[in-house]
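First comes the structure, then the notes that go with it.
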Amino acid sequence: PLGLYIHIPFCDSLCDFCVYNRVAVSPGRELLEEYLTALIREVEWYADALSLQGHPVGSVFLGGGTPTALTTRQLERLLTAVRRCFGLSECEITLECNPLNASSDKLRAMKENGVTRVSIGVQTFSDTMRRRLHIAGTGQQAADWLEEAGRLGFDDVSLDLMYGFPGGGAEDLRRDLEWALSLGVGHVSVYRLTLFAYTKMYRDMARAGKSLPDERICLELFRQAHRYLLSQGYALQSGQEYGQRDRAVRFWENTYDGYGPNLALGVSSFGYLGGYCYQNESRVEDYIRAVRQGRLPVERMSRRITSQQLR
């Protein structure tokens, strides 16, 4: 079955370390509506041009950015368009959220519209570290949101944690993992903090002459997290995704194994169809302009690299 990734690049606030394509929500929010209109048009184009109308979709992943930066009504419009164009029967639908703009009412509406999984990027529950990294909200707010999402009856609730923070160590990571698992989440992603030169945190640390923990320290942190999660009944599903043994995320299975087709929609998204990898326009304005001009917003594409080529 087809995997569908939809990128929503908007955030109410921008974390200093984030490497993903995202933009701050403007006060007037006009850009969000323009983007949503273009995104729905792209959905319709692929369904029509590639004869995918009604094609069964095994998983839909709304990522970002922060998809819940959109209003409930806007998210409903998007999900209605996807459902109209593709076969979503028995489909897993994941929505990445921010606890500060994904209220209980919005979550209930998303569940009524077919969302089966919700996920948030906690990164760390430590308020000291969150302030240092300019992550909005508190660790307790994130925990409260996760408990509320669990009560609403989604099939799965997931969170992201990070390690390798400046000044962070094994005890900090262990506390984060223990707090996460005490909330009964079905999946935990554990990422190493990696800085790219275009991020604010990279520039700030370079000016201050600081650096992240070295490879040896980070490897040991990962090993400790890996052993702990396995000991608590979680299994490694992909490079850094852990799920309870009786649960598997279909999106990772459909795309991360390298075999399933992945239709990626929205600004800067990467997809794989018919033997070709492609990436959409990387700027929101360029993406919208391309769609308005009546052309697919693809910026680059290439044939898929084979394992033989990598040797």
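Side chains are part of it too, since the values below use all heavy atoms of this structure and drop only hydrogens, waters and symmetry mates. No experiment lies behind these values; they were computed from the predicted model shown.
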Hydrophobic cluster membership, [X] vs [Y], 4.5 Å side-chain cutoff:
| X | Y | value |
| --- | --- | --- |
| Val267 | Phe270 | no |
| Val190 | Ile217 | yes |
| Tyr242 | Leu183 | yes |
| Val25 | Leu100 | no |
| Met301 | Leu273 | yes |

Do the non-hydrogen side-chain atoms of [X] and [Y] ever get within less than 4.5 Å of each other?
| X | Y | result |
| --- | --- | --- |
| Ile120 | Pro99 | yes |
| Tyr278 | Leu263 | yes |
| Leu4 | Val43 | no |
| Arg175 | Phe125 | no |
| Phe154 | Leu107 | yes |
| Pro166 | Leu193 | yes |
| Pro297 | Asp286 | no |
| Leu78 | Leu36 | yes |

* Asked: What residues form a side chain to side chain contact (heavy atoms under 4.5 Å, CB included) with Thr72, not counting sequence neighbours?
  ->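 Once residues adjacent in sequence are excluded, the partners of Thr72 under the side chain to side chain contact (heavy atoms under 4.5 Å, CB included) criterion are Glu76, Lys106, Ala109, Met110.
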* To do: On the 0 to 90° scale, with breaks at 30° and 60°, tag the His7-Tyr5 ring pair as parallel, tilted or perpendicular.
  =>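 If you compare the ring of His7 with that of Tyr5, the planes turn out tilted.
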Determine yes or no for a side-chain-to-main-chain donor-acceptor pair under 3.5 angstrom, with [X] supplying the side chain and [Y] the backbone.
| X | Y | answer |
| --- | --- | --- |
| Arg300 | Cys277 | no |
| Gln141 | Thr138 | yes |
| Trp179 | Arg174 | no |
| Arg117 | Asp155 | no |
| Thr116 | Ile93 | yes |
| Gln74 | Thr71 | yes |
| Glu42 | Gly266 | yes |
| Gln232 | Glu178 | no |
| Asp127 | Gly139 | yes |
| Arg41 | Val291 | no |

* Asked: Can the ring centres of His187 and Tyr234 be said to be less than 6.0 Å apart?
  ->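 Centroid separation for His187 and Tyr234: 6.0 Å or greater.
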* Centroid-to-centroid, Tyr35 to Tyr287, below 6.0 Å? ->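 Yes - the distance between ring centres of Tyr35 and Tyr287 falls below the 6.0 Å cut-off.
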[X] atom [atom1], over 12 foreign heavy atoms within 6.0 Å:
| X | atom1 | answer |
| --- | --- | --- |
| Arg295 | CZ | yes |
| Glu171 | CD | no |
| Arg73 | CZ | no |
| Arg216 | CZ | no |

* To do: Work out which heavy atom in Gly164 is nearest to a heavy atom in Cys218; give both atom names and the distance.
  =>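 Looking at all heavy atoms of both residues, the closest pair is CA-SG, 4.1 Å.
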* Closest approach of Val185 to Ala180 (non-hydrogen atoms, all atoms of both residues) ->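 Of all heavy-atom pairs spanning Val185 and Ala180, the closest is CG2-O, 3.6 Å.
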* Salt bridge Lys111-Glu148, side-chain N to carboxylate O under 4.0 Å ->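 Looking at Lys111 and Glu148, the cut-off is not met.
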* Asked: Thinking salt bridges, do Arg289 and Glu281 make one under a 4.0 Å N-O criterion?
  ->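 No.
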* Derivation and outcome, side chain to side chain contact (heavy atoms under 4.5 Å, CB included), residues Phe165 and Asp172 -> CA-CA 10 Å; Phe165 296 123; Asp172 303 287; over 6 Å; no
* Asked: What residues form a side-chain hydrogen bond (donor to acceptor under 3.5 Å, both in side chains) with Glu96, not counting sequence neighbours?
  ->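 Glu96 satisfies side-chain hydrogen bond (donor to acceptor under 3.5 Å, both in side chains) with no other residue.
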* CG of Asn98 to OG1 of Thr68: how many Å apart, nearest 0.5 Å? ->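 Rounded to the nearest 0.5 Å, the CG-OG1 separation comes to 5.5 Å.
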* Asked: How far apart are the C-alpha atoms of Leu62 and Thr94, what are their side-chain angles, what is the distance that settles it, and do they pass the side chain to side chain contact (heavy atoms under 4.5 Å, CB included) test?
  -> CA-CA 6 Å; Leu62 280 73; Thr94 300; over 6 Å; no
